[in-house]
Amino acid sequence: MDVLFIIFAVLTVVPALLMVVSRNPVNGAMFMIISFVGMAALFVLLEAFLLAILQVLVYAGAIMVLFLFIIMLLDMDEVEKIKPGTVTSIASGISLALIIVGVAVLLGSDGLAGQSVAHLAAAPDFPSADNPMGLALSAKAYGFGLFTKYMLPFQLTGVLLLVSMIGVIIISKKRETSQGQEQS
Amino acid sequence: MNLEVFKQISDTNRWGLLLPEIYLVGLALILLVFEMLFRRQDLLLIVRVAIWGQVLLLGLMVLQYLEGFPTGSVTAFSGLLTQTPATEVMRLFFVAGSILVSFLATTYLRRQNLPRTEFFAITMLITVAMMVLVQSSQFVLFFVALETVTIGFYVLVAYCRQSPFSLEAGLKFLILGALSSAILLFGIVFLYGVAGNPALPGHVADSMNFADLASFIAANPTNPLVLIGTCLVLAGVAFKVGAVPFQIWIPDVYQGAPTPVTAFLAVSSKAAGVFVLLTLVRGPFASLHSFLVPLLSTVAVLTILFGNLTALPQRNVKRLMGLSGIAHAGYLLVGVVASMTVDWAVYAVVFYLITYLLASFGVFGVMIQMAGDDDSDQEVDHYEDLGQRHPFLAGVLTVGLGSLAGIPPLGGFIGKLLIFIAAFQAGLYGLLAASIIGVVISIYYYFGWIREAVFRVWRSPEGSPAQEGASTFTVSTVEIVTLGGLSALTIGIGIFPSLVDCLMRL
């Protein structure tokens with residue numbers, strides 16, 4: 001298990017890093033797909049199979065295809081020639097250092113200590129009476145959760161999709177100057 | 001899997017509590033169907049259905065509250081939704097805001113020749129999401145509602161596609177809004193993770209729930225992850241409110257957006273943000289009192305000073321409304337900070353929001369009438385001699401701006417007074433001083449505008465650019481009644497503040 005974890009963790013982190021530093025957007029998108037697949041494998045190791053499948057289907061599949069489409073439509077060759085300025089480089093270097101220090105400090109604090117993770121592994125909180133949603137592993141548990149407890153957010157998501165659908169039509173539609181509407 | 005548990009959970013899904021929201025969604029869908037079925041000539045029908053449908057809803061809600069205003073708090077949807085008297089007032093507030101936005105939009109959309117049905121539908125759906133947002137007491141519902149509001153606004157801001165300003169504003173809002181949502185989500189995930197950690201004392205089962213989270217945070221008030229998560233969540237919400245240092249998007253977006261959308265952003269969106277802040281600060285984060293009061297106080301002082309000082313040299317009225325809106329967000333933040341110690345400060349904030357709604361929509365109504373073909377280019381100079389050209393509009397403008405500046409006996413004065421008293425009782429003397437300095441500065445630029453509109457009798461020698469547009473005024477009766485009604489309410493609330501008080505008899 002540990003060997004697998006290390007392999008997939010490397011497969012997740014290294015392409016993520018390469019994606020950020022690669023100058024060619026298409027290469028970047030490809031690295032991102034590899035990183036997503038690695039993450040899906042990590043989900044499998046955690047026995048969260050549904051999440052793993054969703055990760056591959058939705059992120060590595062649909063969303064990345066959309067990304068690639070847009071990158072290729074936009075003809076991004078010019079972007080490669082732009083070199084980052086000195087100030088930008090220094091600022092990003094400082095931010096990176098801060099993030100690394102922050103994560104290190106957090107790992108040292110009691111918030112994420114190894115002991116608590118071990119505790120969680122020893123007594124995983126599977127669906128129980130007071131916490132049916134605790135660690136929803138199977139698709140069935142997701143379904144029950146979605147249609148009972150999270151019914152209201154689920155319905156509201158429908159409203160969200162409706163809004164975005166109307167919005168896309170309104171903003172992208174080419175309008176002939178409608179004379180009829182002016183008279184109404 | 002224990003199905004009984006799920007059955008109990010679904011029994012708490014009391015959809016009857018959300019009837020106004022369901023009605024509004026239905027109305028929006030009906031409008032879209034009408035758009036498909038009817039010819040272009042019948043489109044006036046859609047405008048009528050949209051506005052009168054919402055007025056009917058407001059009437060029904062008021063009638064229901066006349067029978068007896070709810071006094072306690074109701075929790076439903078297995079803890080996702082909590083209704084309190086304050087959220088009931090906010091629901092009325094949002095419906096009223098939606099009606100006024102739709103009303104302003106009819107004039108604007110006719111002039112710019114833009115499609116109307118979709119505008120009304122999106123406005124109503126955003127309103128629904130805001131109504132759910134203020135009632136949500138769990139982060140999943142909270143986030144979905146907030147995203148619905150934000151995505152709706154992305155569309156509305158870029159609604160006037162022909163105008164490069166509108167498109168630019170839409171793009172800026174989209175990028176910065178997505179960034180702020182990411183920050184907020186990051187904070188929520190931190191809190192969720194740490195509150196569900198079985199190794200920590202007082203860990204809870206549903207760590208997305210505000211009540212559970214409150215009990216966890218009370219047990220671990222110094223945990224670094226809790227503090228980081230809290231800061232990120234508050235930063236995400238502060239972005240929606242437009243508090244310093246998350247105010248960069250405001251001037252450009254306010255200027256570029258169509259004027260009714262600017263009004264919607266300035267009033268309803270800000271009100272939703274402030275109310276959510278109140279809920280968070282008094283609910284889950286209540287035990288971080290000693291950490292949050294200095295933090296939020298600093299933000300409030302910076303917000304007030306930044307908003308007022310940048311509004312001073314501003315000549316574009318839409319930017320002026322945006323920047324002075326930042327200052328108003330600052331006063332509201334003072335109320336939010338005070339509400340952590342003084343309970344009734346919640347009602348001071350809600351009262352302030354109501355006066356802000358009345359005054360702002362009055363001013364924006366006049367702005368819509370004054371706007372030329374280019375909506376984003378409205379200078380203070382265009383208002384020259386409005387008092388002679390159209391005394392009624394000048395009067396509405398004066399009442400609205402006076403109320404925003406906080407001049408007695410207008411409503412805005414009472415609103416500011418209540419917040420200041422709350423801050424005084426909470427012992428926030430520094431905040432009080434900053435707010436009073438802010439109010440003094442704000443009188444300068446609000447009255448510069450009033451002076452331009454009403455008192456300026458001499459004319460600059462090179463002639464005024466507003467002269468050509470002067471003859472095109474046609475203000476319909478409905479508009480006169482609405483704008484007059486807003487002004488009358490502003491004055492009425494100022495003289496009899498108990499008018500609102502009886503609404504909030506709690």
Chain A contact via B/I122 - which portion, at a heavy-atom distance below 4.5 Å
side chain
Approximate separation, where rounding is to 0.5 Å, of B/E147 CD and A/L156 CG:
11.0 Å
Closest contact, heavy atoms only, B/V144 versus A/P153
CG1-O, 3.8 Å
Closest heavy-atom pair and its distance - B/I151, A/S164:
CG2-CB, 4.1 Å
Supply the atom-to-atom distance A/Y150 OH to B/S78 OG, rounded to the nearest 0.5 angstrom.
7.5 Å
Determine which residues belonging to residues 53-68 of chain A lie within contact range of chain B, meaning some heavy atom pair is under 4.5 Å apart, and list them by number or answer 'none'.
none
Output the distance between atom OG1 (A/T148) and atom CD (B/Q8), rounded to the nearest 0.5 Å.
11.5 Å
Can you tell me how far the CG atom of B/N13 sits from the CD atom of A/Q155, to the nearest 0.5 Å?
10.0 Å
Determine whether A/L162 and B/L29 satisfy the following criterion, side chain to side chain contact (heavy atoms under 4.5 Å, CB included), listing intermediate values before the conclusion.
CA-CA 10 Å; A/L162 178 67; B/L29 291 176; 3.7 Å; yes
Does the B/R161 side chain pair with the main chain of A/I170, one donor and one acceptor, at a distance under 3.5 Å?
no
Tell me, for B/L18 versus chain A, whether the close heavy atoms (under 4.5 Å) come from the side chain, the backbone, both or neither.
side chain
Starting at CG of A/L152, measure out to CG of B/L81 and round the result to the nearest 0.5 Å.
6.0 Å
Close side-chain approach of B/L32 to A/I166, heavy-atom, < 4.5 Å
yes
What part of B/F153 gets closer than 4.5 Å to chain A, counting heavy atoms only: side chain, backbone, both or neither?
neither
If I compare all heavy atoms of A/V163 with all of B/G152, which pair ends up nearest, and what's the gap?
CG1-CA, 3.5 Å
Any chance you could measure B/M208, atom CE, to A/K149, atom NZ, to the nearest 0.5 Å?
9.5 Å
Report which part of B/L109 has an atom under 4.5 Å of a heavy atom belonging to chain A: side chain, backbone, both, or neither.
neither
